[in-house]
Amino acid sequence: MRTRTQVGIVGAGPAGLLLSHLLALRGIDSVLVEVRSRAYCEARQRAGVLEDGSVVLLRDAGLAARLDRQGIQHGGIYLQFDGERHHIDFRALTGRKVTVYAQTEVVKDLIARRLADDGNDAIEFNVTGTEVSRLDTEKPRLSYTDASGVRHEVDCDAIAGCDGFHGICRPSIPAGMLTTWQRDYPYAWLGILADVPPSTDELIYSHHRNGFALHSLRSPSVSRLYLQVSPEEDIANWPDDRIWAELSRRFELPGWTLDSGPVLDKGITPMRSFVSAPMRYGRLFLAGDAAHIVPPTGAKGLNLALADVAVLAPALDALLHGDDKPASAYSATCLNRVWRSTHFSWWMTTMLHRTPGADEMEAQLQLSQLRYVVSSKAAATSLAENYTGFAALPPPAG
Ligand code: RFL
Ligand code: PHB
């Protein structure tokens, strides 16, 4: 079946969904295709922390009704090391805060809004055989097979590759056109979602001789916790009791206890830093994890994905009206923020994780850095400024 649209979008993660909504607000049509089911996209456990800029972006785009009711504002984080827990007060240091609101909820809100505005055709779930072609022409093509087996060829004015790190858009760019930088870390995160109220009022990032641990949350009754494990670790080796025992050890503090509860979900995530540039080839624009990955320690991946499409929507609007200038600036504008977040995420990660096989010198250097962060206002401000979001986002209406 041969059709046309203005913008073809691959991937219904936060980047693709928000882009289709921002384009719709500008009166621009899109076709959004997603390989997974709606239920899968809405249940995939991932990020949990939104920068103020991301909250404002979602609010200005009319997407924050539930976020404003259920999001939990956090004015800081705890850094734990050497048997002590220290508070970093973002509000006092920067006047800013972050909002705990799960990526699953952002995705549910976006899907509900797209379907309410444009009906069931707004998103094609369960597609197969997605391909993008003719990228160096003014009429790139998005091809896919829908859930009922019909093959679609969609002529577009531009295509947005929002299909994550393992998607097909980045590999569709001819060899030699992209420069990539990648670092794989020698550890992974074992994450659990647990049906138990959080044992803390703000997130705890803990440096421990057994490895890093993070206590986060999803709501006043659901906790999200992570443990550093080996990237080769098999989740079958981690029954719930062992996970809780290891979490208790890594967060141990006199007079404080970690409450445990039923584990609702668990999984292991590898950690990598990856940047590919430029984020545009002809009429294909990459956004979010399709173009860059950060390790989750800085809570940046979701925020970067939203920031990219906040820049991309007005750039595509201009391109469709004959002005290529903002589209030409898209990659450099985004990469500025991407590299800042890449550095910050690398810095948080290497300061807090234990490198397997590393000598005692590394642990002492990490502890010295942590002591500096909690005792120097300048160092604490630097962490707070980066964590809460360093660069301002453009307004959604351009
Ligand atoms: P996504 O969410 O991966 O969405 C891409 C979508 O594309 C679909 N797709 C295809 N569709 C059609 N055809 C194809 N051929 C396709 N190939 C793929 C996929 O099914 C998927 O639906 O990318 P997007 O939109 O760029 O969003 C990025 C974020 O999901 C990611 O950066 C964050 O989750 C990272 N992250 C965190 N970010 C934060 O800002 N704060 C956090 O606290 C935070 N914590 C985390 C995280 C990521 C984690 N994991 C699991 C990697 C914690 C963890 C554990
Ligand atoms: C989460 O809540 O999933 C989360 C929070 C902070 C991070 C990473 C993940 O740095």
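Indexing begins at 1, ligand by ligand and atom by atom, following the structure's order.
Considering both main-chain and side-chain atoms, G167 never comes within under 3.5 Å of ligand 1 through any nitrogen or oxygen pair. Remark: ligand 1 and T130 share an N or O pair separated by less than 3.5 Å (distance only, no angle test). Between I168 and ligand 1, no N or O atom pair is found at a separation short of 3.5 Å. Taking only nitrogen or oxygen atoms, main chain and side chain alike, G16 does not reach within less than 3.5 Å of ligand 1. Of the polar atoms of V10, none of the N or O atoms is found under 3.5 Å from an N or O of ligand 1, judged by distance alone. Geometrically, ligand 1 and H166 share no nitrogen or oxygen pair separated by less than 3.5 Å. Where the criterion is an N or O separation shorter than 3.5 Å, residue side chain and backbone included, Y226 fails it with respect to ligand 1.
Through direct or indirect side-chain contacts shorter than 4.5 Å among Ile, Leu, Val, Met, Phe, Trp and Tyr, V150 is connected to M1.
Residue contacts with ligand 1 include G48, since one or more of its heavy atoms lies under 4.0 Å from the ligand. The shortest heavy-atom distance from E51 to ligand 1 is not under 4.0 Å.
Scanning S341, G298, G13 for the heavy atom closest to atom 4 (O) of ligand 1 points to G13. Looking at A47, P14, C162, it is A47 that brings a heavy atom closest to atom 45 (N) of ligand 1. One option in R36, Q103, E124, M271 has a heavy atom closer to atom 34 (O) of ligand 1 than any other, and that option is Q103. For atom 3 (O) of ligand 1, the choice among E34, Q45, R46 with the nearest heavy atom turns out to be R46.
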- side chain to side chain donor-acceptor pair (under 3.5 Å) assessment of S273 paired with Y185: CA-CA 8 Å; S273 296; Y185 298 90; 2.5 Å; yes
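The pair R218-D265 does not count as a salt bridge, with every side-chain nitrogen at least 4.0 angstrom from each carboxylate oxygen. Salt-bridge check for D109 with R113: failed, with every basic side-chain N at 4.0 Å or more from each acidic carboxylate O. The pair R4-D29 does not count as a salt bridge, with every side-chain nitrogen at least 4.0 angstrom from each carboxylate oxygen. With salt bridges taken as basic N to acidic carboxylate O contacts below 4.0 Å, none links D52 and R96.
Cation-pi geometry between R170 and Y281 is not met: the NZ or CZ atom fails to fall both under 6.0 Å from the ring centre and inside 45° of the normal.
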Quick check on ligand 2: any N or O pairs to the protein under 3.5 Å? One line per pair.
residue  : atom   : partner : partner atom : Å
ligand 2 : 2 (O)  : S216    : OG           : 2.6
ligand 2 : 2 (O)  : R218    : NH1          : 2.8
ligand 2 : 2 (O)  : R218    : NH2          : 3.4
ligand 2 : 3 (O)  : R46     : O            : 3.3
ligand 2 : 3 (O)  : R218    : NH2          : 2.8
ligand 2 : 3 (O)  : Y226    : OH           : 2.6
ligand 2 : 10 (O) : Y205    : OH           : 2.7
ligand 2 : 10 (O) : P296    : O            : 2.8
ligand 2 : 10 (O) : T297    : O            : 3.4

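For atom 18 (C) of ligand 1, the nearest protein heavy atom (residue, atom name, distance) is D163 O, 3.2 Å.
In plain terms, the two heavy atoms of P231 and P186 that are nearest each other are CD-O, 3.6 Å.
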